[in-house]
Amino acid sequence: MMRTRPLKVALLGCGVVGSEVARIMTTHADDLAARIGAPVELVGVAVRRPSKVREGIDPGLVTTDATALVKRGDIDVVVEVIGGIEPARTLITTAFEHGASVVSANKALLAQDGAALHAAAGEHGRDLYYEAAVAGAIPLIRPLRESLAGDKVNRVLGIVNGTTNFILDKMDSTGAGYQEALDEATALGYAEADPTADVEGFDAAAKAAILAGISFHTRVRLDDVYREGMTEVTAADFRSAKEMGCTIKLLAICERSADGTSVTARVHPAMIPLTHPLASVRGAYNAVFVESDAAGQLMFYGPGAGGSPTASAVLGDLVAVCRNRLNGTTGPGESAYADLTVSPMGQVVTRYHISLDVADKPGVLAQVATVFAEHGVSIDTVRQQGKDGEASLVVVTHRAYDASLSGTVEALRKLDTVRGVASIMRVEGE
């Protein structure tokens, strides 16, 4: 039997995602009520620019006083889609204090202060859901913390930023340079006017922190995630990748150590074999590859950004939180019982593709090989091309510690026969 009194929802932010959330709540009201067991009513929308026309939204609901809205005391669920750290953090904790549960899409805030927000939700007996914070419409957080709750996740490898994947895919398929591909992404609306958060890996790093924390039941903050952007990736790197049967992706990688005592989280460009499922992810799509003990290998794929896809994830959380509200329960909170050590990048073991500009004369290869051996880095393959006294030397290593590789590169730079290090890229997914 359906309850007739509606559950009241406050919306913080009414941009691309927020306006779509409001639209779906209105157009799918009957379906949402049937799925929840009670109607849901949008009772307030907090915005910065109240004069802007917002089609389909009653102007009487619009306010610039977000604090007063979340303090009303009769709000059942607050949906936060304004982003950033403040005022979002204060508004969310205030919502908990005044009896509301929260649905958020705020990856930056959750990556930085997720533990404190979970603690506040728990203290007041309220829900904190955030499926939309990672990978847009793709169901990912709920499967990790609920469907795989009885399994042991060992690795999460993913493309979690559509802008960077579009740019790299364009470079791969057309031979374009980075700037040319970025200009096209901007013209098509895939990249912001200031793309720094995407192309320098900040967006993906926040998502990696959230994924690592959920996957390994360990608190992983944004500062724990190694981050390397993709602005230095060149058309020459793609040519080298193709010669190895690879492509290049900006990957978020979260791993449990072999002995199970530590975890790592990192974001950086990497060569990945064309045979790996992630290699075929094109355009602005996202995909996340999960490896666990019992389930084995799972892949989650779909649109990772945009108003409608992200709103889909928000509404899914809204339904779940409203159901909990009706039943007088709460869903899963933070799970950080494992409390594993978060290791720095220097302790990560991976393969490397290193391109060197060297003198084209006898003995160069022997000198380079000696440097690798002295630093404990084993060479898998070497390819050398030379002409008119200059040559390029491409070395692919076996798996080695990042710290060992860093020392190797510094030593290589000191060789008289090495003119420069053209590029260094990790190789993943083998």
Side-chain angles (χ1 to χ4, degrees), residues 4-33 35-36 38-110 117 120-121 126-133 136-137 189 192-193 305-322 325:
T4 57
R5 184 175 70 81
L7 292 160
K8 296 182 178 181
V9 178
L11 178 62
L12 306 183
C14 197
V16 173
V17 176
S19 59
E20 192 67 7
V21 169
R23 183 192 69 79
I24 295 173
M25 286 185 65
T26 301
T27 58
H28 295 180
D30 291 342
D31 285 339
L32 290 172
R35 294 166 189 171
I36 292 168
V40 288
E41 179 186 1
L42 184 61
V43 298
V45 181
V47 300
R48 287 184 296 179
R49 296 185 294 275
S51 60
K52 180 180 178 181
V53 176
R54 294 173 172 85
E55 186 177 348
I57 296 178
D58 180 356
L61 298 179
V62 175
T63 178
T64 58
D65 195 343
T67 301
L69 180 60
V70 299
K71 282 184 173 181
R72 278 179 41 164
D74 64 338
I75 304 295
D76 293 291
V77 185
V78 169
V79 176
E80 183 272 308
V81 288
I82 56 178
I85 305 303
E86 288 291 358
R89 173 170 49 198
T90 298
L91 292 170
I92 289 173
T93 55
T94 302
F96 291 141
E97 291 165 1
H98 287 78
S101 290
V102 173
V103 172
S104 176
N106 196 330
K107 53 189 170 287
L109 178 57
L110 289 159
L117 295 178
R126 295 295 177 252
D127 275 323
L128 174 61
Y129 275 50
Y130 44 90
E131 184 67 64
E192 301 286 346
S308 293
T310 306
S312 172
V314 170
L315 267 295
D317 278 351
L318 179 64
V319 169
V321 169
C322 285
R325 191 82 168 186

In short, Arg126 meets Ala100 closest at the heavy-atom pair CG-O, 3.5 Å
Test your reading of the model: is there a side-chain donor-acceptor pair from Asp76 to the backbone of Ser101, 3.5 Å cut-off? no
Main chain of Val47, side chain of Arg49: is a donor-acceptor contact present, judged purely on distance under 3.5 Å? no
Under 3.5 Å donor-acceptor, Asp127 side chain and Tyr129 backbone: no
Of all the heavy-atom pairs spanning Ala66 and Ala46, show the shortest one and how long it is. CB-CB, 3.6 Å
Find out whether Leu91 and Glu80 are in side-chain contact, i.e. whether some heavy atom of one side chain is under 4.5 Å from a heavy atom of the other. no
Taken to the nearest 0.5 Å, the spacing of Leu109 CG from Glu86 CD works out to 8.0 Å
With a cut-off of 6.0 Å (strictly less than), are more than 12 heavy atoms of other residues, nucleotides or ligands near CG of Asp74? yes
Between Gly84 and Ala88, which heavy-atom pair has the shortest distance, and what is it? O-CB, 3.6 Å
Value rounded to 0.5 Å, distance of CG in Leu318 from CD1 in Ile36: 5.5 Å
Kindly compute the distance separating CG (Leu69) from CG (Leu11), expressed to the nearest 0.5 Å. 9.0 Å
Whether Thr310 side chain and Gly307 backbone form a donor-acceptor pair below 3.5 Å: no
Minimum-distance pair of heavy atoms, taken over all atoms of Val17 and Gly306: CG2-O, 4.4 Å
Sub-3.5 Å donor-acceptor pair from the side chain of Arg54 to the main-chain atoms of Pro59, do we have one? no
Phe96 side chain near Val102 side chain, heavy-atom distance below 4.5 Å: yes
Of all heavy-atom pairs between Ala38 and Leu7, which one has the smallest distance, and what is that distance? CB-CD1, 4.3 Å
For the residue pair Val314 and Ile24, establish whether any side-chain heavy-atom pair is separated by less than 4.5 Å. no
Is the number of heavy atoms from other residues, nucleotides or ligands under 6.0 Å of Glu41 CD greater than 12? yes
With side chain to side chain contact (heavy atoms under 4.5 Å, CB included) as the criterion, how do Val319 and Leu32 come out once you've worked through the C-alpha distance, each side chain's angles and the decisive distance to 0.1 Å? CA-CA 7 Å; Val319 169; Leu32 290 172; 3.8 Å; yes
Apply side chain to side chain contact (heavy atoms under 4.5 Å, CB included) to His98 and Val70, showing your working. CA-CA 7 Å; His98 287 78; Val70 299; over 6 Å; no
Atom CD1 of Ile92 and atom CD of Glu97: how far apart are they, to the nearest 0.5 Å? 12.0 Å
Heavy atoms, side chains only, cut-off 4.5 Å: are Val43 and Arg72 in contact? yes
Locate the shortest heavy-atom distance separating Ala132 from Asp317; write the atom from each residue and the value. N-OD2, 4.2 Å
From CE (Met25) to CD1 (Ile57), nearest 0.5 Å: 10.5 Å
Any side-chain heavy atom of Val16 within less than 4.5 Å of one from Glu20? no
Between the CG atom in Leu12 and the OG1 atom in Thr67, the distance rounded to the nearest 0.5 Å is 9.0 Å
